[in-house]
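Source: prediction; values computed, not measured. Side-chain atoms are counted along with the backbone in the values below, which use heavy atoms only and exclude waters and symmetry mates. Chain letters run A, B, ... following the sequence lines, proteins first, then strands; residues in each count from 1.
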Number of protein chains: 2
Amino acid sequence: MMGGELARPDVDEGEEGEHGVRIGELSRRTGVSVPTIKYYVREGLLPAGRLSSPNQASYDASHERRLRLVRALLDVGGLSVAAIREVLDAVDDTERPVHKVLGEAADRLAARHVGEPDAALDAARAAVADLVERRGWRVNVKSPQAEALAGALAALERVGHGTFVELLDDYADAAEKVAGVDLAYAARSARREGLVESAVVGTVLGDALLTALRRLAHVDASARAYGDGGPEGPVAREASGEPGAPDGEGRGSGPDAAA
Amino acid sequence: MMGGELARPDVDEGEEGEHGVRIGELSRRTGVSVPTIKYYVREGLLPAGRLSSPNQASYDASHERRLRLVRALLDVGGLSVAAIREVLDAVDDTERPVHKVLGEAADRLAARHVGEPDAALDAARAAVADLVERRGWRVNVKSPQAEALAGALAALERVGHGTFVELLDDYADAAEKVAGVDLAYAARSARREGLVESAVVGTVLGDALLTALRRLAHVDASARAYGDGGPEGPVAREASGEPGAPDGEGRGSGPDAAA
DNA sequence: TGCAATGGATAGTGGCACTCACCACTATCC
DNA sequence: GGATAGTGGTGAGTGCCACTATCCATTGCA
C-alpha cells in the first residue's frame, strides 16, 4: 500500500514510511521498467517484495539500493545477468565467514574463459610467476586473477606486441597504488553488511573509473607531448593541436563534439 | 595454388613464399574456424584474400596478424564485432592524417551509451571538470573519454558510494603514470603503419592488463594487511589466511583451484 | 462501479556471434 | 580419367541473452 503518486495522489511521493513502495514507484525512482524489475526478481538478482496481499507487495530502500547496484554492474561494469547473480549470491550469503565470501566474489569477478593450451599462454604464465615473485606478492599464481593477467599478456604476445611486457612493472606499480587506496577506502566504510558489497562495487566500478581515467590521461599526455595549445586556450578546447601521439588518443573528440 | 598441407603434402607447411596460404591453413594457424574467418571477411573485419582463381584466394602474414588482432579485441578486450569494425576502419584509413585517425579510433574505443539526463550525471560531470582543471589536463571535458569517466562516477554516486570520489586523485595519479609509459612505449615502436594499430592494442589490451593487475594487487594487499602467511608459505599457496579485506579480493581462489 | 495498478507466468523479440548447408568450382592424387 | 578434399561465396539457421509483451485474476481506491 501507499506511496504511488498515481494510485494515491494525496500521499507525498517522497516518503514511504515503514512499508515501502510498490513496484511502479520503484520503477519510477530508478528508471528501470516494471517488466524488467519483475525479470530481475525472477532471475534472483533482486529479492521479491514483501507481500501484504496476494497481489500487493512493497519494496523498501534496500530493494532500491540493490536495483541500482544491479544496473551499475550491468551498464557500467558490463557484467552479465548470470555473473551478477553469482556475485550477489555470494554477497547475500550471511552464513559463511566474511573472508570466504569476499574471496568467492572476487573469483567470480575475475573468472574468464580458458581456451585451448597455447605456447603464448604458457610463457605468459611464467611471466606472471616471475612478476609475483619479483614483487613479493602474496598471491596464488593459479588464481583466476593471475590467469586473467596471463591471458592478457598472451594476447599481447600473439598480436605481435610481446615487448609490452617491459611495461609490466610500471603497470604493477600503478595497480599496487590503487589497490592500497581501495583497501583503505573500504576499511573505513561499511562495517560488515555492506562490506562485501563495497568490495564488489569498488572492484567493478573502480575498473571502469581507472580505465576511463587512463584514456583521459592518454589524451592529455598526447596533447602535452605533441603540443596542442593552439590559438584559443590549452584546456577545454577541442584540443586541436598535433597529436600524432602513438599509444594515446589524438584528441578528446571530434571538433563538433565540443560544440 | 600452393601451401595446403593436405592439398600439397610435398610442400613444407611452414613457409608460404610470396603468395601466402589458403583459408584452411590460416584457420589452422590461428585457431579460428574457417566459417568464422569467412564471417569476419563478410563483416569487414578482415580483408578478403587475393584471388588467383575464381575460388582460390591466398592470405598472407598481414591477414594472420589482423585476424589475431580481431580475436584479441574480441576475447580479451571484450569489444563487439561492430565496434571492432569501426575501430579497424579508422586504422585502415590511410588517407586521413594520422593524428585525426588516432583521435577517431580513441573516441570509438571510449564511446558508451548515454542514457537519460540525471542529477548524478550532472554532478559527476562537474567533478570531472574540477579534476581536469585541478590537474591541468589538456583535454576536452566533452570528449567521450571524459563522459565515460563521468558515467562511472555517476554510477558510484547512484549506488551509494559517492565518497569514492575522494580517491579520484589517487586514481588519476596512477592513470597518468601508465599513460606516460604507454606513450613512451608507442613512441619507440611502430613508425607510421602500425602506429594506429599500436594505439588500439595498447589501449584495449592495456586496459585488460591493468585491471587484471589491480585485482591481483587487491589479493596481495588483503593478504598483506590481514596476514596470510599460514602454515605453508606466504606465496604460491592457496592464500589461506584471513583476508576479510574490504575492497579487494579475499584470496586468490578457492583452495581446490590450486590443486 | 469502474479502472488503474499489481503479482505472477508464459511466450515472444531483437541483437549478436557465430555456424550450417549448399553451390559450383578447383587442385591434387591415383 | 576419376575420386576426393578443399575453396570462395551466400543465405539461412542456431543458441544465447537481456529484456518485453501479453495475459490473467485480484486488488486498492475514487
Student: Listed by chain and number, what are the side chain to side chain donor-acceptor pair (under 3.5 Å) partners of A/D118, not counting sequence neighbours?
Tutor: A/R158
Student: From CG of A/L46 over to P of C/dG7, roughly how many Å is that when rounded to an integer?
Tutor: 11 Å
Student: Under 3.5 Å for both distances, Watson-Crick or G-U wobble, that's the pair rule; now give the dot-bracket for DNA chain C, with | marking pairs to another strand and [ ] for crossing ones.
Tutor: ||||||||||||||||||||||||||||||
Student: Please identify each residue that fulfils salt bridge (Lys or Arg N to Asp or Glu O under 4.0 Å) with A/R65, with sequence neighbours left out.
Tutor: A/E197
Student: Atom OH of B/Y40 to atom C1' of C/dC16: distance rounded to whole Å?
Tutor: 12 Å
Student: Separation of A/R85 atom CZ from D/dC16 atom P, in whole Å?
Tutor: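 Going from A/R85 (CZ) to D/dC16 (P), I get 14 Å.
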Student: Suppose we screen for ring pair (Phe, Tyr, Trp, His ring centres under 6.0 Å). Which residues come up paired with B/H161, at least two apart in sequence or across chains?
Tutor: none
Student: Whole angstrom is fine here: how far is it from CD in A/E25 over to P in C/dA5?
Tutor: 12 Å
Student: When you check every protein heavy atom under 4.0 Å of nucleotides 9-15 of chain D, what one-letter string (B, S, -) results, 5' to 3'?
Tutor: BBB----
Student: Answer yes or no: does a side-chain N or O of A/T36 lie under 4.0 Å from OP1 or OP2 of D/dT20?
Tutor: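 Result: yes.
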Student: Taking only residues two or more places apart in sequence or in another chain, which ones pass side chain to side chain donor-acceptor pair (under 3.5 Å) with A/Y40?
Tutor: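 Per chain and number, A/Y40 pairs via side chain to side chain donor-acceptor pair (under 3.5 Å) with A/R71.
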Student: A/S27: which residues meet the side chain to side chain donor-acceptor pair (under 3.5 Å) condition with it, sequence neighbours left out?
Tutor: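 With sequence neighbours excluded, A/S27 shows a side chain to side chain donor-acceptor pair (under 3.5 Å) to no residue whatsoever.
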Student: Looking at residues at least two apart in the chain, or sitting in another chain, which of them share a salt bridge (Lys or Arg N to Asp or Glu O under 4.0 Å) with B/D92?
Tutor: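 Per chain and number, B/D92 pairs via salt bridge (Lys or Arg N to Asp or Glu O under 4.0 Å) with B/R66.
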Student: For B/S53 and C/dA27, is the shortest distance between a side-chain N/O and OP1 or OP2 below 4.0 Å?
Tutor: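 Answer is yes, contact under 4.0 Å.
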Student: Does anything in residues 70-78 of chain B come within less than 4.0 Å of DNA chain D? Heavy atoms only, and list the residues if so.
Tutor: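 By residue number: none to list.
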Student: For A/Y39 and D/dA18, what is the distance between atoms OH and P respectively, to the nearest whole Å?
Tutor: 5 Å
Student: Name all residues meeting the salt bridge (Lys or Arg N to Asp or Glu O under 4.0 Å) criterion together with B/E157; count only those two or more places apart in sequence or in a different chain, and write none if there are none.
Tutor: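 In terms of salt bridge (Lys or Arg N to Asp or Glu O under 4.0 Å), with neighbours along the sequence ignored, B/E157 is linked to no residue.
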Student: What pairs with B/S62 under side chain to side chain donor-acceptor pair (under 3.5 Å), at least two apart in sequence or on another chain?
Tutor: B/D60
Student: For A/D93, what residues pass the salt bridge (Lys or Arg N to Asp or Glu O under 4.0 Å) criterion, not counting sequence neighbours?
Tutor: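 Salt bridge (Lys or Arg N to Asp or Glu O under 4.0 Å) check on A/D93 returns nothing, list empty.
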